[in-house]
Amino acid sequence: MNAYAPILVLGALGAGFAIFSVVMATLVGPKRYNRAKLEAYECGIEPTPTPAGGGRFPIKYYLTAMLFIIFDIEIVFLYPWAVTFDALGLFGLVEMLLFVLTVFVAYAYVWRRGGLDWD
């Protein structure tokens, strides 16, 4: 249990600071509400009512999100491999090359299909 005590103390300090900051901001902060402040803010654009169908996002949005997830997962796997590179030897090198090649093939596919073009 002594090994986890610093982690618990740090977590308690972080949670305490977050709660203290939120409470103090609501107590001490200015309270000048007006109609403009209470409206939804959409990147400086006037908010528009939602269409009857709920509005649709373009497919490029989802492709970009999936590409981000793919490359994020690749990086998560590359860090432990880089740390234990010497211990893995040739087997680890070949496996990582196959993994990177697979991700590169997916990237090339999306590139050829126009998933990275912003029109």
Side-chain angles (χ1 to χ4, degrees):
M1 188 62 183
N2 285 338
Y4 295 109
I7 296 171
L8 294 174
V9 169
L10 186 62
L13 281 172
F17 179 74
I19 292 169
F20 174 77
S21 298
V22 170
V23 168
M24 290 307 292
T26 56
L27 293 177
V28 179
K31 294 170 182 61
R32 293 183 297 264
Y33 298 109
N34 58 28
R35 190 169 150 224
K37 274 193 175 184
L38 296 176
E39 280 188 17
Y41 181 72
E42 295 182 5
C43 302
I45 302 171
E46 287 293 322
T48 57
T50 312
R56 295 186 176 196
F57 286 102
I59 192 69
K60 302 266 185 191
Y61 174 78
Y62 296 108
L63 285 176
T64 304
M66 290 181 71
L67 278 175
F68 172 76
I69 291 171
I70 287 171
F71 288 110
D72 193 39
I73 290 172
E74 181 183 11
I75 294 300
V76 167
F77 284 126
L78 280 174
Y79 275 122
W81 172 78
V83 170
T84 60
F85 178 70
D86 289 337
L88 295 175
L90 184 63
F91 173 76
L93 179 65
V94 170
E95 289 297 318
M96 190 50 67
L97 285 176
L98 288 174
F99 177 70
V100 170
L101 181 69
T102 305
V103 172
F104 181 72
V105 167
Y107 175 72
Y109 174 76
V110 171
W111 190 0
R112 294 276 297 169
R113 299 283 299 196
L116 302 175
D117 296 333
W118 291 96
D119 298 309

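As the structure is a computational prediction, the values presented were derived from the model and not from experiment. Just so it is clear, the values below take in all heavy atoms, side chains as well, and ignore hydrogens, waters and symmetry mates. By convention here, the first residue in the shown sequence is residue 1.
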Let me confirm one number: the CZ-CG distance from Phe77 to Asp72, rounded to the nearest 0.5 Å. 11.0 Å
Would Leu88 and Phe91 show up in the same hydrophobic cluster when neighbours are defined by side-chain heavy atoms closer than 4.5 Å? no
Give me the atom names and distance for the closest heavy-atom approach of Thr26 to Lys31. O-NZ, 2.8 Å
Using the rule that two of Ile, Leu, Val, Met, Phe, Trp, Tyr join whenever any of their side-chain heavy atoms come within less than 4.5 Å, decide whether Leu97 and Val105 are in one cluster. no
Rounded to the nearest 0.5 Å, how far apart are OH of Tyr62 and CG of Leu67? 15.0 Å
Between Trp81 and Phe85, what is the ring plane arrangement, given parallel below 30°, perpendicular above 60°, and tilted in between? perpendicular
Using 0.5 Å steps for rounding, measure from the CG atom of Leu13 to the CG atom of Leu8. 11.0 Å
Just verifying a value: how many Å separate Tyr107 OH and Ile70 CD1, rounded to the nearest 0.5 Å? 12.0 Å
Leu101 with Ile75, same ILVMFWY side-chain cluster at under 4.5 Å: no
With a 4.5 Å cut-off on side-chain heavy-atom distances among I, L, V, M, F, W and Y, is there a chain of contacts connecting Ile69 to Val100? yes
Would you say Phe104 and Met66 are hydrophobically clustered, going by side-chain heavy atoms of ILVMFWY under 4.5 Å? no
